Amino acid sequence: MPHVGMYVCGPTVYGDPHLGHARPGITFDLVFRYLKHLGYKVRYVRNITDVGHLENDADSGEDKIAKKARLEQIEPMEVAQYYIDRYQKFMDLLNVLRPSIEPRASGHIMEQIDIVKEILDAGYAYVSEGSVYFDVKKYSESNHYGILSGRVLEDLLATTRQLDGQEEKRNSVDFALWKKASPEHIMRWDSPWSVGFPGWHIECTAMSTKYLGEQFDIHGGGMDLLFPHHESEVAQAMASHGTQPAKYWIHNNMITINGQKMGKSLGNFITLEEFFTGNNVNLEKAYSPMTIRFFILQAHYRGTLDFSNEALQAAEKGLKRLLEALKTLEKINPSAVSSVNTTEIENQCYDAMNDDFNSPMVIAQLFDATRIINSANDGKETLTAEDIICLKRIFATFLIDILGIEDEQSGNQLQLINELMQMILDVRQIAKDNKDYATSDKIRNALTALNIVVKDSKDGATWSF
RNA sequence: GGUCUCUUGGCCGAGUGGCUAGGCACCGGUCUGCAAAACCGUCUACUCCGGUUCGAAUCCGGAAGAGACCUCCA
């Protein structure tokens, strides 16, 4: 069985996961699921950054997690663990499969120090005041720093901002491989150069190399990580072992709100918990995890995706329609002749996935299948037994397995609710039989207030919510 | 300021030279005591100006607008 190694930059665990985190989570879950479906054995590594990110100048280079910890008077690892748990909880709710390995940066300090040593030995880094910096200018003499993001060194040197602490560096573009800890910095480790902490970019080089080797198949992450993070990973890999780290880079685009990137720094993000509870001024209502998942998959991962209540509600209704069709399919009796071409739909689904994981195209095919199913249920199309098997296979494979959609109404409570509802509807039917519409309407209105929809038909009433 | 990207119908969003996705909303129909829901159908767009071509949303040039990165960020 062919193997695939995939490394994706995971979250920095100093805040609650927001909609922005859902996108790479779901995007690379789609890749993971599809590659597995095709028969690849995938080792999917998604790191957790629990050390090393520097704050901006206002925080004097203090580690984000350490800062939060001092404010809250608890251990930094306690903060990290709290947000790791939160992250995993919400990814689970979004039906994002757990990666094969979820390494933490704090657990790989030795590996990071080793790579820094290698880069120093190769002559592409220098020690300054107990910190180690990557020498971008030296590296650029024999390599292209900017190969991934399309940058040119001269431009970078001309445009990089001047920040505090730059005087330790030979050039403003040089980035830290190891940082000496200031006295108040409580996350610290011993190293040959100082008691300190690793730079941001080195953790991914260390952990991807450890678990996937010097070169692996796919490296993923958000588009905002392209520069400088991934560019620097390339440089670190080239400087330490002379190879490009990844054969393919996949970057998911951003989610925007009012046309602007939804992000921590802009303060315009909505957390996943807020989506699920509806507890945010920008939300008209709560949205379920599957609505969020479907909303994200309805756009191609490379494009920006604009958040709005209208778009979320459109996704919610559309998804409901697909799931209803799946139930309708169970009720359809096969015909001798077929009036539709279901294998064509199946082929189109594979074509779409093979064309750079084009999930919106897959979804469009599923809606075509839905129209066929509903028409067949209406007697306007005919399906053979083979057609029905094929349609079931399409939904099971693409909607459930690959897009990772699950029917949220299939909980334990549902059985009880069903029985209660049946009783209520029986009572209402009696009232209707007696032409007591005041009573039947009272029941229906009360249910409507609970967001339960009653559907009257010739064969009696059904309900849904 | 530098580098890059984008601009599709009321909204969201595929599509990269001809065969004019899809969803939501609207509207029409079926169903119904009424209504809602559900289902079916309809609605034919590609920022603007030039150019290439038999033919352009799609390629080339220009303009306008928006965004991303250059600093932590998914």
Side-chain angles (χ1 to χ4, degrees), chain A residues 8-12 14-15 17-28 49 52-59 64 146 149-152 154-156 158-163 173 200 220-229 231 251-256 259-266 269 294-295 298-300 302-322 324-325 328 348 352 355 358-368 370-371 373-375 377-378 380 432 435 437 440-441 444-445 448 453-458 461-464:
Chain A
V8 173
C9 292
T12 302
Y14 64 93
H18 59 80
L19 187 60
H21 293 98
R23 192 150 200 208
I26 289 168
T27 295
F28 295 104
T49 300
H53 278 211
L54 301 179
E55 284 279 35
N56 58 29
D57 40 2
D59 295 294
K64 281 185 173 176
S149 55
R151 313 273 164 152
V152 183
E154 288 69 38
D155 294 339
L156 291 169
T159 60
T160 304
R161 270 199 218 172
Q162 290 302 309
L163 298 170
V173 283
W200 172 32
M223 196 161 269
D224 48 351
L225 298 178
L226 187 61
F227 188 90
H229 183 55
E231 193 67 60
H251 290 99
N252 64 274
N253 214 318
M254 301 293 105
I255 291 179
T256 57
Q260 264 203 324
K261 174 178 161 180
M262 184 183 283
K264 190 103 183 150
S265 51
L266 292 168
F269 62 93
F294 191 69
F295 168 69
Q298 265 191 311
H300 188 91
R302 276 187 282 107
T304 55
L305 172 60
D306 200 49
F307 158 84
S308 72
N309 281 280
E310 203 179 358
L312 259 311
Q313 284 163 32
E316 184 174 52
K317 288 192 178 178
L319 175 58
K320 190 179 170 192
R321 186 146 172 259
L322 288 182
E324 285 298 317
T328 304
Q348 295 275 349
D355 182 16
N358 195 330
S359 57
M361 191 64 102
V362 172
I363 289 170
Q365 292 301 320
L366 292 173
F367 277 113
D368 279 349
T370 295
R371 190 182 41 74
I373 291 166
N374 289 331
S375 294
N377 190 45
D378 234 24
K380 289 173 184 159
K432 282 181 70 176
K435 306 281 187 201
Y437 296 123
S440 65
D441 286 355
R444 187 177 60 193
N445 291 339
T448 303
V453 177
V454 176
K455 293 184 264 189
D456 283 327
S457 72
K458 282 186 285 221
T462 57
W463 67 279
S464 60

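The figures here come from the full heavy-atom set of this structure, side chains too, leaving out hydrogens, waters and symmetry mates. A quick note: this is a predicted structure, and the numbers were derived from the prediction, not measured.
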Fill in the blank from the handout: Under the rule of Watson-Crick or G-U wobble with both distances under 3.5 Å, where | means paired to another strand and [ ] a crossing pair, RNA chain B maps to (((((((..(((.....[...)))..((((.......)))).....(((((..]....))))))))))))....
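Among the protein residues, A:H251 comes within range of no part of the nucleic acid, since none of its heavy atoms lies under 4.0 Å from any strand. Residue contacts for A:Y437: at a heavy-atom cut-off of 4.0 Å it reaches a base atom on one of the strands shown. Within the nucleic acid shown, A:M254 comes within 4.0 Å of at least one base atom, counting heavy atoms only. No contact: A:S149 has no heavy atom under 4.0 Å from any strand. Among the protein residues, A:D456 comes within range of the nucleic acid bases, having at least one heavy atom under 4.0 Å from a base atom. Looking at heavy-atom distances under 4.0 Å, A:D368 makes contact with sugar-phosphate atoms alone, never a base. A:R371 comes within contact range of the sugar-phosphate backbone alone, with a heavy-atom separation under 4.0 Å but no base atom that close.
Listed pair A:K261 / B:rA74 fails the phosphate criterion, with no side-chain N or O lying under 4.0 Å from OP1 or OP2.
When the C1' atom is used for both B:rG13 and B:rC24, the distance is 11 Å, rounded to whole Å. Separating the C1' atom of B:rG29 from that of B:rG67 is a span of 43 Å, rounded to the nearest Å. Distance noted for atom P between B:rU71 and B:rG55: 48 Å (whole Å). For the P atom pair drawn from B:rC48 and B:rG65, the interatomic distance equals 16 Å after rounding to whole Å. The same atom, P, is picked in B:rG41 and in B:rG22; the two are 10 Å apart, to the nearest Å. Between B:rA66 and B:rU47, the distance separating the two C1' atoms is 11 Å to the nearest Å.
Considering only side-chain atoms of A:D441, the nucleotide from B:rG33, B:rC72, B:rG13 that sits closest is B:rG33.
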Using the 3.5 Å cut-off, write out each protein N or O paired with an N or O of nucleotides 23-27 of chain B and the distance between them.
| from | atom 1 | to | atom 2 | distance (Å) |
| --- | --- | --- | --- | --- |
| B:rA25 | OP1 | A:K317 | NZ | 2.6 |

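At a cut-off of 3.5 angstrom, the base of B:rC34 holds at least one donor-acceptor pair with the side chain of A:R444.
Residues meeting the salt bridge (charged side-chain N to carboxylate O under 4.0 Å, His left out) test with A:K264, sequence neighbours left out: none.
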